[in-house]
Number of protein chains: 2
Amino acid sequence: LIEVRGLTKEYRNGAGVITVLRDVNLQVTPGEIIAIMGPSGSGKSTLLYILGLLLPPTLGSYTFAGQDVLSLDRRGQAEFRRHKVGFVFQSCDLLENSTVYENLEFPLIYAGEDRQTRPAKILAALERVNLSHRVYHNANHLSGGEKQRVAVARALVNEPRVILADEPTGQLDHDNSQQIMDYFQKIIATGETAVVVVTHDPEIAARCSRIHTLRDGLL
Amino acid sequence: LIEVRGLTKEYRNGAGVITVLRDVNLQVTPGEIIAIMGPSGSGKSTLLYILGLLLPPTLGSYTFAGQDVLSLDRRGQAEFRRHKVGFVFQSCDLLENSTVYENLEFPLIYAGEDRQTRPAKILAALERVNLSHRVYHNANHLSGGEKQRVAVARALVNEPRVILADEPTGQLDHDNSQQIMDYFQKIIATGETAVVVVTHDPEIAARCSRIHTLRDGLL
Ligand SMILES: Nc1ncnc2c1ncn2[C@@H]1O[C@H](COP(=O)(O)OP(=O)(O)OP(=O)(O)O)[C@@H](O)[C@H]1O
Ligand SMILES: Nc1ncnc2c1ncn2[C@@H]1O[C@H](COP(=O)(O)OP(=O)(O)OP(=O)(O)O)[C@@H](O)[C@H]1O
Ligand SMILES: [Mg+2]
Ligand SMILES: [Mg+2]
């Protein structure tokens with residue numbers, strides 16, 4: 001499903017060049033949950049952003065379902081981000097002045113989901129993260145862990161082909177973390193989707209098919 | 001140092017009343033690191049906000065070093081927040097367009113710290129979280145874990161009497177988490193300060209003097 005070769009990412013700033021990723025190779029096949037671990041600053045979020053076409057690499061190739069996605073035009077890349085990928089960001093990125101319901105509805109609207117089928121999808125996603133009792137709450141009135149769970153539900157509500165989750169359980173206790181993994185495993189059960197999870201939590205990594213470790217930009 | 005009795009916090013919204021904290025009692029003595037654990041949504045951040053005078057309780061009393069802090073006027077409360085407390089927020093709250101150095105300098109400026117002694121304090125704090133190599137980096141160009149470590153350093157650079165840390169290691173790997181705990185233990189070594197840490201991480205809780213658990217607003 002995903003094939004990345006020779007991925008390199010550099011930033012230039014006043015002080016010189018920072019090489020965040022060096023010649024990274026990665027393959028992800030449908031039906032897998034793979035974990036990416038590594039110390040703070042090792043390049044995990046950068047790798048995930050590149051996989052989600054949120055950031056261009058400096059060098060390297062990236063093929064998704066056989067298609068060279070780095071050569072897509074702006075519109076093709078936006079289309080990819082909207083339909084193929086569900087992204088869970090490391091820091092909260094819900095719409096603070098919208099309700100939980102609205103936050104989950106937006107991706108469905110963008111994906112052109114029929115008005116009739118939206119409510120059922122939203123409520124099912126909320127059920128999977130135990131937040132049905134907060135459906136009409138304002139997003140800025142949620143606890144840190146509740147926001148994170150809504151962010152996960154939002155990435156999954158569209159049933160994308162690949163889920164890229166950047167430390168989706170960082171704010172969660174044990175039970176809620178396990179529930180997120182249950183949700184991921186349900187999603188991949190059809191064998192057509194895959195999940196890439198960046199995590200520091202060994203309990204999460206233990207439930208993944210494979211674990212890769214990034215150190216100083218090397219996988 | 002801290003004595004809280006009968007602390008209750010309620011929110012009213014369209015649907016009714018949500019009781020987040022119910023009749024909470026807590027004591028913290030100098031030289032302690034106490035852990036507060038509990039499921040997502042149990043009221044941990046709310047308790048910490050009240051302790052930091054960032055949020056008023058609905059009911060209850062709060063005495064700090066013998067002084068009734070709930071009866072302080074706005075200026076007294078601002079004074080308290082600036083000098084007595086170091087707060088580490090659950091979500092990133094650095095100044096994104098400032099450098100790491102500037103982010104650490106602001107609390108020192110507000111506390112009236114002499115210009116001559118600031119650089120040494122800033123560099124010492126950064127050293128404790130292993131981020132000397134990012135001192136002049138823009139805050140919005142840091143990784144998630146780097147931001148969290150800068151936020152911890154910023155809460156500690158002023159050497160406050162009490163540190164209130166809301167899940168300070170949520171984004172961190174094992175080694176960096178342990179380093180944060182080393183930093184906290186160094187701070188309390190003088191026996192005059194205390195730390196209250198909200199955490200989900202059992203490894204962090206294991207290094208605390210005591211562990212309290214919040215469930216549905218009850219401690
Ligand atoms: N301003 C508000 N209005 C209404 N409800 C609120 C408000 N702030 C928080 N809540 C609710 O209060 C409860 C407790 O919130 P709090 O942030 O203290 O939880 P927490 O224990 O820190 O959780 P987490 O581990 O997820 O960070 C949550 O269920 C949340 O939805
Ligand atoms: N825009 C940028 N300009 C300069 N340096 C950057 C930029 N973005 C990230 N970096 C640097 O690249 C390195 C890797 O960042 P990245 O966010 O990928 O790390 P990470 O592995 O996700 O870390 P964490 O576990 O702390 O979230 C960091 O050291 C960071 O300081
Ligand atoms: Mg990251
Ligand atoms: Mg919280």
Side-chain angles (χ1 to χ4, degrees), chain A residues 11-15 18 20 37-46 48-49 89-94 96 99 129-131 133-138 140-150 166-177 179-180 198-203 213-215, chain B residues 11-15 18 20 37-46 48-49 89-94 96 99 129-131 133-138 140-150 166-177 179-180 198-203 213-215:
Chain A
Y11 289 108
R12 256 150 250 285
N13 63 17
I18 295 177
V20 178
M37 305 186 83
S40 177
S42 52
K44 306 179 296 298
S45 296
T46 304
L48 229 59
Y49 284 161
F89 288 87
Q90 188 168 2
S91 59
C92 171
D93 81 315
L94 300 178
E96 295 272 307
T99 64
V129 295
N130 250 356
L131 280 174
H133 63 298
R134 288 279 182 264
V135 54
Y136 298 120
H137 230 60
N138 245 19
N140 58 3
H141 290 162
L142 296 173
S143 78
E146 289 169 342
K147 285 181 189 172
Q148 189 165 38
R149 287 185 276 152
V150 172
D166 201 347
E167 301 193 34
T169 64
Q171 317 284 355
L172 302 180
D173 49 286
H174 173 80
D175 290 350
N176 276 300
S177 300
Q179 196 157 356
I180 298 295
V198 167
T199 186
H200 291 304
D201 188 344
E203 293 192 356
T213 304
L214 258 178
R215 253 177 235 298
Chain B
Y11 288 109
R12 255 150 253 282
N13 63 16
I18 295 177
V20 177
M37 306 186 83
S40 176
S42 53
K44 307 178 296 297
S45 296
T46 303
L48 229 60
Y49 285 161
F89 289 88
Q90 188 168 1
S91 58
C92 170
D93 80 316
L94 299 179
E96 296 272 305
T99 64
V129 296
N130 251 357
L131 281 173
H133 63 298
R134 288 280 182 264
V135 54
Y136 299 119
H137 230 61
N138 246 19
N140 57 3
H141 291 163
L142 296 173
S143 77
E146 289 169 340
K147 285 181 188 173
Q148 190 164 39
R149 288 185 275 152
V150 173
D166 201 346
E167 300 193 34
T169 64
Q171 316 286 353
L172 302 180
D173 48 287
H174 173 80
D175 291 350
N176 275 299
S177 299
Q179 196 159 354
I180 297 295
V198 167
T199 185
H200 291 303
D201 188 345
E203 292 192 355
T213 305
L214 258 179
R215 252 178 236 299

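Throughout, protein chains are lettered first and strands after them, A, B, ... in sequence-line order, and every chain is numbered starting at 1. Just so you know, these numbers come straight off a predicted model, no measurement behind them.
- When all heavy atoms of Q148(A) and E167(A) are compared, the pair lying nearest together is NE2-O, 2.8 Å.
- Proximity to chain A is limited to the side chain of N176(B), based on heavy atoms less than 4.5 angstrom apart.
- No other option in G170(B), S42(B), S177(B), P202(B) has as many heavy-atom pairs under 4.5 Å with chain A as G170(B).
- Options D175(B), L172(B), V198(B), V20(B) differ in how many heavy-atom pairs under 4.5 Å they form with chain A, and the most are formed by L172(B).
- In this structure, the side chain of K44(B) does not engage the main chain of T213(B) through any donor-acceptor pair within 3.5 Å.
- Taking the six-membered ring where tryptophan is involved, the planes of F89(B) and Y49(B) are tilted, since the angle between them lies from 30° to 60°.
- The residue among D166(B), D173(B), T199(B), N138(B) with the most heavy atom pairs within less than 4.5 Å of chain A is D173(B).
- In this structure a side-chain-to-backbone donor-acceptor pair under 3.5 Å is present from H200(B) to Q171(A).
- There is no contact between L142(A) and chain B, counting heavy-atom distances below 4.5 Å.
- Looking at H137(B), the atoms closer than 4.5 Å to chain A (heavy atoms on both sides) all sit in the side chain, from C-beta outward.
- Looking at K147(B), R149(B), E146(B) one by one, the single match for side chain to side chain donor-acceptor pair (under 3.5 Å) with S40(A) turns out to be R149(B).
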